[in-house]
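Since the structure comes first, as structure tokens, the remarks are kept for the end.
Numbers here are sequence positions counted from 1. Here the structure is a predicted model, which means the values were calculated and not measured.
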Amino acid sequence: MGYAAHKQFKLYQMEVKSAFLNGYLQEEVYVKQLSGFVHEKYPHFVYKLKKSVYGLRQSPRCWYDRLNDFLVTTGFTRGTLDPTLFIYHKNNAFLLVQVYVDDIVFGSSNESLCIFIHQSKYIRDLLKCFDLESISSKTTPMSVSVKLTADKEGKYVDTTKYRDADYAAPLVDRKSTSGVCDFLGDCLVAWHSKKQTSIALSTAEGEYIAAGSCCTHILWMQQTLTDFGIKFSNIPIYCDNTAAINISKNPVKHSHSKHIDVRHHFNQDHVAKGNIQLIFIPSENQRADIFTKPLPETRFCMLRRELGMCAL
């Protein structure tokens with residue numbers, strides 16, 4: 001969707017309600033006779049299926065195999081990373097077919113597209129889940145003055161439902177949280193906020209680990225776009241910590257970074273290869289902050305707008 005919006009494709013959606021009934025079974029599968037349709041002469045016989053039916057574990061695979069064979073024989077090529085993506089090239093145009101569990105989306109490269117997505121139902125369900133339907137609305141998710149601490153005498157809650165983090169902000173476990181938002185052109189295509197598994201000993205380390213998380217997303221997008229014939233190098237990752245940027249550029253381990261787990265240092269490898277580059281951005285312009293920390297209303301609204309979201 002993000003790529004289609006960025007390139008202004010026109011999308012067509014087709015739903016195949018009986019899709020799974022068109023797959024050919026490779027295994028022997030038998031079913032008993034249905035109640036009310038039992039053969040009088042052979043009541044103990046069973047039926048051997050030739051095609052898949054809904055309810056079989058093999059059905060999705062059987063349908064995919066038949067659809068794959070048809071598309072490939074008609075000139076489509078399958079995506080190298082995403083086996084549910086099929087591409088057809090002709091001259092300077094191409095046709096994309098993306099297969100989903102419930103539908104297929106078609107997009108062509110010479111039409112226009114406008115996508116508007118809202119989450120009003122999701123928000124209503126969220127308020128109902130946490131019994132907040134009768135609470136007055138607020139302009140931001142959380143006050144900047146709030147500090148979360150453990151309530152020893154309070155009732156137990158599932159902590160995974162409540163997220164708030166910048167560098168070591170949670171006063172309970174002191175673990176930082178990585179906030180990442182990925183853009184393709186001006187289109188926000190992926191985002192996440194995830195608590196880090198280890199305690200960062202400095203802001204630089206926390207930011208460096210977050211940059212590594214962003215790097216994995218970028219590399220996946222980079223490889224996916226090669227299926228469309230698009231190749232990118234030196235993809236910018238914007239970071240508001242100069243120390244973290246310097247660590248990614250310096251392969252020599254020094255006293256301030258030698259304790260960082262080796263798995264986080266793959267940033268350096270991809271910087272050296274020219275796949276990515278870390279670029280400094282002032283903290284006030286760091287869009288990912290909206291996923292990791294409470295913000296004043298003015299900055300919250302500004303970052304929300306830069307993510308491509310608007311208030312209904």
Side-chain angles (χ1 to χ4, degrees), residues 1-32 34 46-117 180 182-185 187-192 213-233 235 270 275:
M1 281 291 190
Y3 182 73
H6 174 59
K7 302 296 288 186
Q8 295 187 332
F9 288 175
K10 186 173 183 179
L11 297 187
Y12 298 90
Q13 177 174 316
M14 182 178 73
E15 182 176 357
V16 184
K17 295 183 179 296
S18 58
F20 288 178
L21 302 180
N22 292 284
Y24 293 115
L25 288 170
Q26 302 299 321
E27 307 90 349
E28 289 191 358
V29 179
Y30 299 89
V31 296
K32 66 180 182 180
L34 299 177
V46 294
Y47 291 109
K48 179 181 178 181
L49 295 178
K50 293 183 178 179
K51 291 186 176 181
S52 60
V53 295
Y54 285 85
L56 286 181
R57 293 182 178 179
Q58 299 96 325
S59 295
R61 182 68 189 184
C62 293
W63 159 243
Y64 171 80
D65 287 343
R66 188 175 184 190
L67 180 63
N68 174 75
D69 292 343
F70 170 77
L71 291 174
V72 171
T73 55
T74 53
F76 284 83
T77 57
R78 193 168 60 184
T80 54
L81 285 181
D82 185 356
T84 65
L85 175 67
F86 296 85
I87 307 107
Y88 181 83
H89 290 274
K90 186 174 182 179
N91 299 326
N92 293 325
F94 60 90
L95 176 69
L96 305 178
V97 177
Q98 181 73 63
V99 183
Y100 293 90
V101 173
D102 294 323
D103 53 294
I104 304 175
V105 175
F106 294 88
S108 63
S109 62
N110 56 358
E111 303 282 356
S112 60
L113 169 70
C114 179
I115 298 177
F116 181 76
I117 301 173
V180 174
D182 302 321
F183 285 82
L184 182 60
C187 300
L188 179 66
V189 295
W191 61 92
H192 82 269
S213 179
C214 182
C215 182
T216 60
H217 283 221
I218 293 298
L219 293 175
W220 175 81
M221 291 173 58
Q222 182 186 46
Q223 295 174 35
T224 301
L225 289 172
T226 58
D227 288 333
F228 306 146
I230 301 173
K231 295 183 179 180
F232 287 110
S233 60
I235 300 174
H270 289 289
N275 294 325

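Here the CG-NE2 distance, from Asn91 to His89, works out to 12.0 Å after rounding to the nearest 0.5 Å. Going from atom CD of Gln98 over to atom OG1 of Thr84 covers 4.0 Å, rounded to the nearest 0.5 Å. In this structure, CG in Leu67 is found 10.0 Å from CG in Asn22, a value given to the nearest 0.5 Å. The NE2 atom of His270 sits 9.0 Å away from the CD atom of Gln222 when rounded to the nearest 0.5 Å. Between Phe183 atom CZ and Ile235 atom CD1 the span is 15.0 Å, to the nearest 0.5 Å. Rounded to the nearest 0.5 Å, atoms CH2 (Trp220) and CG (Asp182) are 9.5 Å apart.
A pairwise comparison of heavy atoms in Tyr24 and Cys62 identifies O-SG, 3.5 Å as the closest pair. Nearest heavy-atom pair, Arg57 versus Pro60, reported as atom, atom and distance to 0.1 Å: O-CD, 3.4 Å. When every heavy atom of Leu21 is checked against every heavy atom of Lys51, the shortest pair comes out as O-CD, 3.4 Å. Closest of all the heavy-atom pairs between Ala19 and Tyr54 is N-OH, 3.2 Å.
Aromatic ring orientation, Phe86 versus Phe76: perpendicular (interplanar angle above 60°, classes split at 30° and 60°).
Between Leu56 and Leu25 the shortest side-chain heavy-atom distance falls below 4.5 Å. At least one side-chain heavy atom of Leu184 sits less than 4.5 Å from a side-chain heavy atom of Leu225. Between Asn68 and Arg78, some side-chain heavy-atom pair lies under the 4.5 Å cut-off.
No donor-acceptor pair closer than 3.5 Å links the side chain of Glu28 to the backbone N or O of Lys48. Here the side chain of Tyr64 pairs no donor or acceptor atom with the backbone of Val99 at under 3.5 angstrom. Side-chain atoms of Ser59 never come within 3.5 Å of backbone atoms of Ser52 as a donor-acceptor pair (strictly under, hydrogens ignored).
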